[in-house]
Trainee: 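There's a structure below that I have some questions on.
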Amino acid sequence: MKNHTMFKSVSLALVIVFTATAFNAQAARPFELPPLPYDYDALEPHISSEVMKFHYFWHHKGYLHNLNNLVADTEWEEMSLEDIIIESADNPDKQGLFNNAAQVWNHTFFWQSMHPEGGGAPEGDLLEMIEDSFGSYAGFREEFTAAAVGEFASGWAWLIQDGDELLITSTTDAETPITEGKTPLLTLDVWEHAYYLDYQNRRGDFVQVFLDYLINWDFAETRLQ
Ligand code: MN
């Protein structure tokens with residue numbers, strides 16, 4: 001039994017090394033996966049290390065792998081990630097490119113939207129803007145929760161700056177507010193892969209945990225225009 005377990009561990013390690021090598025060998029100018037801003041287990045007990053590993057190493061890296069394949073040896077290869085997203089949006093022939101590019105961007109943004117010491121209400125200018133836009137922090141919480149729980153399909157909930165105002169919205173699949181020239185401050189991934197292993201069908205619990213323990217207001221502040 002012990003040997004069997006060890007064999008499985010060694011096999012898994014080899015698969016990971018092989019896969020990582022294959023990812024790196026795909027394109028002449030590959031986009032690279034930004035490192036996670038914390039360890040896999042840093043958000044426990046709110047998000048398990050297992051979910052973070054799957055989410056970052058397989059889902060996020062998978063989108064990156066597809067993106068690099070799709071742009072290799074094309075005119076898209078020299079463009080920035082943001083330009084690829086904006087140029088491919090609303091182009092039905094480039095749906096696959098848009099989906100993978102936007103998912104790479106959205107996930108990198110999502111990791112930064114959380115912090116092990118996060119959660120609760122913001123302070124200073126951000127709190128004032130929250131109160132101006134939503135009446136109170138409680139009003140923000142209610143509206144953000146409704147957007148995150150109410151997004152029927154796979155998607156994202158966003159806090160966005162539009163001029164002096166803050167807005168809450170949700171997007172479906174890979175859609176992202178940067179195609180509309182708006183400035184996202186924070187996002188929450190509400191695809192099932194983001195929470196199902198930890199919370200099963202209880203998306204609402206996942207949203208509350210994000211707001212109470214993880215939301216990274218320091219990051220949002222760096223995004224203010
Ligand atoms: Mn995701």
Side-chain angles (χ1 to χ4, degrees), residues 8-43 47-114 151 153-158 170-179 184 186-198 206 210 214 216 219:
K8 273 171 70 179
S9 303
V10 170
S11 303
L12 181 63
L14 285 174
V15 166
I16 289 172
V17 168
F18 176 78
T19 310
T21 309
F23 277 134
N24 290 335
Q26 286 303 323
R29 173 239 194 251
F31 286 100
E32 289 181 5
L33 195 63
L36 261 187
Y38 30 72
D39 292 337
Y40 286 133
D41 62 359
L43 306 182
I47 299 181
S48 67
S49 166
E50 191 185 18
V51 163
M52 289 302 297
K53 276 182 201 158
F54 270 101
H55 202 169
Y56 176 76
F57 195 85
W58 295 111
H59 291 278
H60 194 180
K61 198 160 190 170
Y63 296 123
L64 183 93
H65 172 68
N66 294 338
L67 170 66
N68 279 329
N69 280 338
L70 288 165
V71 301
D73 304 321
T74 73
E75 73 272 23
W76 301 84
E77 196 174 31
E78 300 305 319
M79 293 166 65
S80 71
L81 183 59
E82 287 79 2
D83 285 346
I84 291 174
I85 293 167
I86 290 163
E87 294 293 320
S88 63
D90 302 324
N91 182 343
D93 294 341
K94 293 294 168 194
Q95 187 74 48
L97 177 59
F98 172 79
N99 284 342
N100 285 286
Q103 284 294 78
V104 167
W105 194 95
N106 290 348
H107 280 89
T108 301
F109 196 76
F110 174 48
W111 308 135
Q112 298 174 89
S113 298
M114 299 188 289
E151 174 56 40
S154 296
W156 302 82
W158 302 88
S170 68
T171 59
T172 299
D173 296 336
E175 285 167 14
T176 177
I178 64 171
T179 57
L186 292 166
T187 194
L188 173 61
D189 187 342
V190 291
W191 284 56
E192 282 188 345
H193 68 223
Y195 62 86
Y196 210 84
L197 287 177
D198 288 336
F206 175 61
F210 172 75
L214 301 173
N216 186 354
F219 174 64

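This chain uses plain numbering: 1 for the first residue, then up along the sequence. Side chains included, hydrogens not; waters and symmetry mates left out as well; all remaining heavy atoms used.
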Trainee: Just by distance, no angles: are the side chains of E192 and S154 close enough, under 3.5 Å, to form a donor-acceptor pair?
Mentor: no
Trainee: List the atom of N216, the atom of Q112, and the distance in Å for their closest heavy-atom pair.
Mentor: ND2-O, 2.9 Å
Trainee: Which pair of heavy atoms, one from L70 and one from T74, lies closest together, and at what distance?
Mentor: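 Where L70 meets T74 most closely, the heavy atoms are O-CG2, 3.7 Å.
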Trainee: Can you tell which of T171, I86, T187, I85 makes a side-chain contact (heavy atoms from CB on, under 4.5 Å) with T176?
Mentor: I85
Trainee: Rounded to the nearest 0.5 Å, how far does NZ of K53 lie from CG of L36?
Mentor: 11.5 Å
Trainee: So how far is it from L43 CG to M52 CE, rounded to the nearest 0.5 Å?
Mentor: 5.0 Å
Trainee: Taking the side chain as everything from C-beta on, heavy atoms only, tell me whether F98 gets closer than 4.5 Å to T179.
Mentor: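 Answer yes - side chains close enough.
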Trainee: Which heavy atom in A194 sits nearest to a heavy atom in V51, and how many Å separate them?
Mentor: O-CG1, 3.6 Å
Trainee: Under a 4.5 Å cut-off applied to non-hydrogen side-chain atoms, are L81 and L67 in contact?
Mentor: yes
Trainee: Would you give the length of the straight line joining atom CG of L64 to atom NE2 of H59, rounded to the nearest 0.5 angstrom?
Mentor: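 With rounding to 0.5 Å, CG (L64) is 14.5 Å from NE2 (H59).
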Trainee: Output the distance between atom CG (L97) and atom CG (D93), rounded to the nearest 0.5 Å.
Mentor: 11.0 Å
Trainee: In the structure I gave you, are the side-chain heavy atoms of P37 and F219 within less than 4.5 Å of one another anywhere?
Mentor: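 The answer is no; the side chains never approach within 4.5 Å.
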Trainee: Just wondering, do W156 and Q103 contact through their side chains at under 4.5 Å, heavy atoms?
Mentor: yes
Trainee: Quick one: does H193's side chain get under 4.5 Å of W58's, heavy atoms only?
Mentor: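 Not in contact.
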Trainee: Using a 3.5 Å distance criterion without hydrogens, assess whether the side chain of D41 forms a donor-acceptor pair with backbone atoms of S49.
Mentor: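 Not at all, since once roles are kept as given, no pair shorter than 3.5 Å links the two residues.
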Trainee: Is the backbone N or O of S48 less than 3.5 Å from a side-chain atom of D198, with the two atoms forming a donor-acceptor pair by type?
Mentor: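 A pair under 3.5 Å: yes.
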Trainee: Roughly how far, to the nearest 0.5 Å, is CD1 of I84 from CZ of F31?
Mentor: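 Interatomic distance, F31 CZ to I84 CD1, rounded to 0.5 Å: 3.5 Å.
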Trainee: Compare all side-chain heavy atoms of N106 with those of W158 and state whether any distance is below 4.5 angstrom.
Mentor: yes
Trainee: Taking the side chain as C-beta and beyond, is there a heavy-atom pair between M114 and I47 under 4.5 Å?
Mentor: yes
Trainee: Is there side-chain contact between I178 and P184, with at least one heavy-atom pair below 4.5 Å?
Mentor: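 I178 vs P184: side chains touch.
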Trainee: Exactly one of L188, L214, D189, L186 should register a side-chain contact (heavy atoms from CB on, under 4.5 Å) with S113. Which one does?
Mentor: L186
Trainee: Calculate, to the nearest 0.5 Å, the distance between atoms CD and CD belonging to E82 and E87 respectively.
Mentor: 12.5 Å
Trainee: Does the D173 side chain pair with the main chain of E175, one donor and one acceptor, at a distance under 3.5 Å?
Mentor: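 It does not hold such a pair.
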Trainee: Under the ring-ring contact (aromatic ring centres under 6.0 Å, His included) test against H55, which residue among W111, Y40, Y63, Y196 passes?
Mentor: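 Going through the options one by one, the only one that passes is W111.
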Trainee: Compare every heavy atom of N68 with every heavy atom of P30, then report the nearest pair and how far apart it is.
Mentor: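 Smallest interatomic distance, heavy atoms only, reads CA-OD1, 3.3 Å.
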Trainee: Mark yes when over 12 heavy atoms from residues, nucleotides or ligands other than N91 sit less than 6.0 Å from its CG; otherwise mark no.
Mentor: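 Count over threshold, so yes.
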